[in-house]
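No experiment lies behind these values; they were computed from the predicted model shown.
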Amino acid sequence: MKATDIIVTRWGLRFMGRTFPCSIGRGGIIPARKKREGDGATPDGMHRIVGMLYRPDRLTAAQLPDWALPFGPSDLWSDDSRDPDYNLMVRAPHPWSHERLTRPDPMYDLILLTDWNWPQAVPGRGSAIFIHTWRRPRRATAGCVALAQPDLIWIANRILHSTRLIVRR
């Protein structure tokens, strides 16, 4: 492990010598080989951080690293395992099941993308595992890792391209 790795357990998240409260999937942390679409679980293992997206009407580019990319109202994330674009960002209108990235709540104002089941997604293995803002403290997610927005912004500004998300049971 490196100091720049993000370590997640059911008790919290550690990064650069600091510990942060976080939320994980309502299904708990499970072995990655058992992860399935819709199970609400967070897969264990080592996952690369492969991107960062932000909502420019709520956060400014100046608050984030220069490699963060803005998204808008037409941007969606496909979560339908029958979709040829399963587990990829797509644009509206989109005929398959998807999540809208622009939400009324701040949950997806900043998203760190991981390489879970990406870039060649295996149907049914589960769509994206994001690191994003929580709905409220410790409220379970659908499988992602979630934090308070100030903590997420602090982390986002310190991660490197080599930073890994390490999820431990």
Side-chain angles (χ1 to χ4, degrees), residues 4-30 35 37-45 47-79 87-92 97-118 126-161 163-168:
T4 57
D5 287 337
I6 298 169
I7 312 298
V8 172
T9 68
R10 67 181 141 221
W11 299 285
L13 182 150
R14 290 190 319 274
F15 178 66
M16 296 190 79
R18 291 182 59 183
T19 301
F20 301 90
C22 73
S23 298
I24 59 169
R26 67 182 178 280
I29 297 172
I30 65 167
K35 176 73 178 139
E37 186 69 44
D39 64 7
T42 303
D44 70 356
H47 314 287
R48 291 179 303 126
I49 306 295
V50 296
M52 184 182 308
L53 303 173
Y54 73 98
R55 189 168 164 173
D57 61 326
R58 294 190 178 166
L59 296 173
T60 66
Q63 291 175 275
L64 302 167
D66 59 4
W67 54 278
L69 299 174
F71 65 87
S74 295
D75 293 315
L76 316 168
W77 198 272
S78 173
D79 60 8
N87 200 25
L88 295 173
M89 192 161 82
V90 294
R91 306 268 308 169
S97 175
H98 58 270
E99 274 194 271
R100 184 167 297 282
L101 295 180
T102 53
R103 299 171 49 99
D105 61 31
M107 196 163 82
Y108 287 169
D109 288 0
L110 176 59
I111 303 168
L112 302 182
L113 305 170
T114 72
D115 68 347
W116 173 255
N117 202 15
W118 180 92
S127 54
I129 299 298
F130 296 151
I131 304 174
H132 61 72
T133 301
W134 58 25
R135 287 189 177 118
R136 59 179 190 263
R138 301 281 190 190
R139 180 165 181 208
T141 69
C144 296
V145 175
L147 302 123
Q149 191 172 78
D151 294 341
L152 181 58
I153 292 171
W154 188 90
I155 291 166
N157 279 291
R158 288 159 180 82
I159 63 174
L160 306 172
H161 289 289
T163 296
R164 302 170 299 180
L165 172 66
I166 300 173
V167 180
R168 293 184 166 164

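Under the side-chain contact (heavy atoms from CB on, under 4.5 Å) criterion, Ala146 pairs with Ser23, His132, Trp134, Thr141, sequence neighbours left out. The side chain to side chain donor-acceptor pair (under 3.5 Å) test applied to Arg10 returns no partner, not counting sequence neighbours. Under the ring-ring contact (aromatic ring centres under 6.0 Å, His included) criterion, Trp11 pairs with no residue at all, not counting sequence neighbours. With sequence neighbours excluded, no residue forms a salt bridge (charged side-chain N to carboxylate O under 4.0 Å, His left out) with Arg26. Every residue two or more places apart in sequence or in another chain that forms a ring-ring contact (aromatic ring centres under 6.0 Å, His included) with Phe20 is listed here: Trp154.
For the residue pair Gln63/Tyr54, the side-chain donor-acceptor check at 3.5 Å is not satisfied.
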Fill in: side-chain contact (heavy atoms from CB on, under 4.5 Å) assessment of Tyr108 paired with Trp77
CA-CA 11 Å; Tyr108 287 169; Trp77 198 272; over 6 Å; no
Item to complete: Check step by step if side-chain contact (heavy atoms from CB on, under 4.5 Å) holds for Val145 and Leu112.
Response: CA-CA 10 Å; Val145 175; Leu112 302 182; over 6 Å; no
Item to complete: Tell me, with the steps shown, if Ile49 and Thr114 meet side-chain contact (heavy atoms from CB on, under 4.5 Å).
Response: CA-CA 5 Å; Ile49 306 295; Thr114 72; 4.3 Å; yes
Worksheet item: Can you check side-chain contact (heavy atoms from CB on, under 4.5 Å) on Ser78 and Leu88, steps first, answer last?
Response: CA-CA 6 Å; Ser78 173; Leu88 295 173; 5.6 Å; no
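Between the side chain of Asp115 and the backbone N or O of Val50, no donor-acceptor pair lies under 3.5 Å. Looking only at distances, a side-chain donor or acceptor of Lys35 sits under 3.5 Å from a matching main-chain atom of Ala41. Between the side chain of Asp105 and the backbone N or O of Met107 there is at least one donor-acceptor pair closer than 3.5 Å.
Interatomic distance, Thr133 OG1 to Leu147 CG, rounded to the nearest 0.5 Å: 8.0 Å. To the nearest 0.5 angstrom, Asn87 atom CG is 8.5 Å from Ile129 atom CD1. Remark: Ile155 CD1 to Thr4 OG1 distance equals 12.5 Å, nearest 0.5 Å. Rounding to the nearest 0.5 Å gives a distance of 6.5 Å between CG of Leu53 and CG of Leu69. Between atom CG of residue Leu64 and atom CD1 of residue Ile153 there is a gap of 6.5 Å, rounded to the nearest 0.5 Å. One distance of note links CZ of Arg168 with OG1 of Thr9; it measures 9.0 Å at 0.5 Å rounding.
Shown here for Arg55 and Phe71, the closest heavy-atom pair between the two residues is N-CE2, 3.6 Å. Contact between Pro65 and Ala156 at its shortest, heavy atoms only, is CG-O, 3.1 Å. Heavy-atom minimum distance, Ser127 versus Asp79: OG-CB, 3.6 Å. Across all non-hydrogen atoms, the minimal contact from Pro43 to Gly143 is CD-O, 4.4 Å.
Only one option out of Asp109, Ile111, Leu76 pairs with Leu101 in a side-chain contact (heavy atoms from CB on, under 4.5 Å); it is Ile111.
With a 4.5 Å cut-off on side-chain heavy atoms, Pro21 and Asp151 count as touching.
A salt bridge links Asp75 with Arg91: the distance from a Lys NZ or Arg NE/NH1/NH2 to an Asp or Glu carboxylate oxygen falls below 4.0 Å.
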Using residues 12-19 as the side-chain source, report each donor-acceptor pair under 3.5 Å to any protein atom, sequence neighbours left out, with the distance given to one decimal.
none

